[in-house]
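Each remark here refers to the structure printed beneath this line.
Naming convention: chains lettered A, B, ... in sequence-line order (proteins, then strands); numbering from 1 in each chain. Bear in mind the structure is a predicted one, so any value in this text is a computation, not a measurement.
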Amino acid sequence: MFGLVDGNNFYVSCERVFNPAIENKPVVVLSNNDSSVIARSNEAKALGIQMGVPYFQIKSLLEQHNVHVFSSNYALYGNMSQRMMDVLSAFTDEIEVYSIDECFVGLNGFDRWNLEEYGIKIRETVLQHIGIPTCVGIAPTKTLSKAANNLAKKLFRKDPSQSGVLLLDTEEKWKHALSQLNVADIWGIGHQYAKKLYSYNITNAADLARVRPAWAKKHLGGVVGERLIAELNGTSCIEMELVPRAKQTICVSRSFGKVVTDLGEISEALSTYASRAAEKLREEGTVAAVISIFIQSSRFKEKPFSAGLTITLPSPSSDSRIIVYHAIEGLKKIYKPGIEYKKTGIVLNGIISAKNMQTQLFEERPSNPALMKTIDKINKRWGPGTVHLASDGTTQEWQMLSTMRSKRFTTRWKELPVVKV
DNA sequence: TCTGGGGTCCTAGGACCC
DNA sequence: TCTGGGGTCCTAGGACCC
């Protein structure tokens with residue numbers, strides 16, 4: 001059996017832990033650059049505020065209803081997430097952190113317990129220790145546990161006296177649950193597939209569970225679709241991933257807080273992102289062989305501009321100076337003056353373990369792992385960016401907007417509120 | 001004025017090989 | 001006029017996830 005534990009309106013809940021005054025009030029959290037809505041409290045959902053809607057379009061509506069608005073605070077959410085996962089690991093050895101607010105828990109061998117009660121215990125403990133409300137779905141496949149979680153959330157939102165836990169341990173139970181869900185609510189059915197399914201008159205998840213595997217193979221992305229149908233019928237095809245795999249791709253990109261035309265400013269931003277990407281490699285103990293960089297104007301302009309370049313490094317590296325050097329050299333090649341740029345970024349590929357790397361004897365720009373290790377140590381101790389490359393710039397006027405960010409309560413001593421007693 | 005960021009997997013099709 | 005068959009590797013593009 002699989003359990004799926006998912007934080008309710010996770011980012012909003014994180015904000016509420018440190019700001020109890022916004023409990024039971026409408027709250028939204030915005031994406032980077034304060035661009036669009038990425039999390040909503042139930043009260044905000046009730047006002048009809050949609051996920052992903054641009055902030056500027058609903059600003060007056062939010063003001064009108066006194067909605068509390070926050071810029072996203074990933075330092076806080078990431079740290080709260082870690083704490084939640086730590087609590088969950090006490091409940092089973094089989095833990096798969098699926099996203100910042102979601103975790104699969106393996107419950108094989110737990111059948112002699114009442115699984116519903118176990119789920120309730122999990123919820124209560126996370127709430128008590130971390131302050132984050134969750135819902136729990138339990139079922140014989142991952143896809144069904146996602147569906148169970150989804151339905152548990154819906155029931156709980158409608159009626160807070162519900163347990164917030166849904167156990168689907170018999171065919172009868174999961175069939176009934178699926179009949180209450182739309183196909184678009186199913187894990188693995190996105191926009192395109194939902195549209196296609198509607199056109200075949202398949203709107204209900206229970207209908208989807210009944211389609212022939214061969215039909216799913218043809219219309220829902222090959223073996224992925226086939227697996228999906230099997231999972232909806234109680235046959236588990238997607239196993240727990242207990243050991244997080246090293247990333248195959250690392251991407252760091254961000255929109256600018258203002259329009260940028262100057263090569264110097266874009267270079268600073270790209271240097272900053274390339275450094276961060278290299279840092280991520282070192283966190284994973286890997287090196288990258290290939291880097292891609294890109295620059296873009298606004299996607300919503302009449303004639304959007306976008307350019308990119310892929311560069312193979314002389315040898316795989318995780319050294320910030322090397323990755324930044326090649327990124328900036330590439331940028332100079334694709335930069336065109338007179339364009340209003342909105343975004344730049346770097347993607348790393350050809351990622352392998354640093355241990356398996358073949359070292360070259362003679363290199364124009366040798367990596368210096370000891371230097372990188374020292375920089376990482378300092379930044380870990382004194383905060384991100386304490387030591388950085390000069391090419392990152394000092395004023396960083398292109399930085400994204402984040403005007404309504406709460407304090408980084410759990411990761412910065414300086415931002416801890418002082419309470420007078 | 002203003003529309004996020006960071007990932008995964010799969011398939012199809014071309015290049016190339018024998 | 002005829003113009004194989006089967007395999008691998010790589011990449012681009014499209015779908016998905018949160």
Side-chain angles (χ1 to χ4, degrees), chain A residues 4-7 9-11 28-39 50-60 62 69-74 77-78 81 96-104 142-143 146 149-150 183-197 216-228 231 237-238 241 244-260 269 273 276-277 280 284 289-290 292 294 296-301 304 308 310 312 340 342-351 400-405:
Chain A
L4 180 71
V5 185
D6 190 327
N9 314 328
F10 187 73
Y11 296 169
V28 300
V29 177
L30 302 178
S31 64
N32 278 332
N33 242 351
D34 296 339
S35 307
S36 56
V37 172
I38 51 167
Q50 297 297 312
M51 189 72 171
V53 64
Y55 177 46
F56 73 90
Q57 279 177 9
I58 53 159
K59 203 169 173 180
S60 61
L62 297 177
V69 181
F70 291 88
S71 304
S72 37
N73 184 346
Y74 287 105
Y77 311 150
S81 170
E96 178 185 337
V97 176
Y98 179 66
S99 75
I100 194 162
D101 68 331
E102 270 176 75
C103 186
F104 285 107
K142 277 187 168 179
T143 307
K146 289 279 284 185
N149 185 286
N150 193 316
V183 281
D185 291 334
I186 295 301
W187 191 40
I189 301 297
H191 243 81
Q192 300 301 316
Y193 289 163
K195 224 164 72 185
K196 187 185 258 182
L197 289 167
K217 187 170 186 178
K218 190 171 169 203
H219 291 99
L220 302 176
V223 295
V224 179
E226 227 174 0
R227 270 203 297 259
L228 170 62
E231 285 246 326
C237 307
I238 309 170
E241 283 190 30
R245 287 175 293 177
K247 289 184 171 54
Q248 300 167 31
T249 301
I250 286 174
C251 170
V252 180
S253 75
R254 235 151 240 116
S255 301
F256 304 126
K258 55 165 195 166
V259 159
V260 174
Y273 305 156
R276 175 65 192 128
K280 285 186 180 184
E284 298 240 329
V290 178
S292 304
F294 64 86
Q296 290 170 2
S297 66
S298 168
R299 289 152 43 213
F300 299 92
K301 281 262 190 286
T310 297
T312 302
E340 300 196 325
K342 197 62 187 134
K343 185 176 183 176
T344 185
I346 180 165
V347 184
L348 307 181
N349 275 296
I351 295 175
M400 67 175 188
L401 302 172
S402 191
T403 52
M404 296 161 284
R405 193 182 63 207

**Q.** For A:Tyr11, the option from A:Asp101, A:Asn73, A:Ile100 that meets side-chain contact (heavy atoms from CB on, under 4.5 Å)
**A.**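 Among A:Asp101, A:Asn73, A:Ile100, the one that satisfies the side-chain contact (heavy atoms from CB on, under 4.5 Å) with A:Tyr11 is A:Ile100.
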Spacing between [X] atom [atom1] and [N] atom [atom2], to the nearest angstrom:
X	N	atom1	atom2	result
A:Ile100	B:dG4	CD1	P	18 Å
A:Glu96	C:dC17	CD	P	16 Å
A:Ile186	C:dC18	CD1	P	11 Å
A:Arg405	B:dG4	CZ	C1'	16 Å
A:Tyr193	C:dC17	OH	P	10 Å
A:Phe294	B:dG6	CZ	P	8 Å
A:Ile238	B:dC10	CD1	P	10 Å
A:Leu228	B:dC9	CG	C1'	14 Å

Residue [X], side-chain atoms from C-beta onward, closest of [options]:
X	options	result
A:Gln57	B:dG6, B:dT3, C:dC18	B:dT3
A:Trp187	B:dG4, B:dG6, C:dC18	C:dC18
A:Val223	B:dC10, B:dC2, B:dC9	B:dC10
A:Arg299	B:dT8, B:dG4, C:dC18	B:dG4
A:Tyr98	C:dC18, B:dT3, B:dG7	C:dC18
A:His191	B:dG5, B:dC9, C:dC16	C:dC16
A:Arg227	B:dC10, B:dC2, C:dA15	B:dC10

Looking at every strand, decide which applies to [X] at a 4.0 Å heavy-atom threshold: base, sugar-phosphate, or nothing.
X	value
A:Lys247	sugar-phosphate
A:Ile189	sugar-phosphate
A:Asn33	nothing
A:Lys146	sugar-phosphate
A:Asp101	sugar-phosphate
A:Arg276	nothing
A:Lys196	nothing
A:Val259	nothing
A:Lys342	sugar-phosphate

Ignoring backbone atoms, establish whether [X] has a side-chain N or O less than 4.0 Å from OP1 or OP2 of [N].
X	N	result
A:Ser72	B:dG4	no
A:Arg254	B:dG6	yes
A:Ser255	B:dG5	yes
A:Lys280	B:dG7	yes
A:Ser253	B:dG6	yes
A:Lys301	B:dT3	no

**Q.** Side chains of A:Leu62 and A:Tyr55 in contact at under 4.5 Å (non-hydrogen atoms)
**A.**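 They are in side-chain contact.
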Q. Is A:Lys280 atom NZ crowded by more than 12 heavy atoms from other residues, nucleotides or ligands, each under 6.0 Å away?
A.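 It does: A:Lys280 NZ has more than 12 such atoms within range.
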(Q) Please name the nucleotide paired to C:dT8 by Watson-Crick or G-U wobble geometry with both distances under 3.5 Å, or report none. (A)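 In the structure as shown, C:dT8 has B:dA15 as its Watson-Crick or wobble partner.
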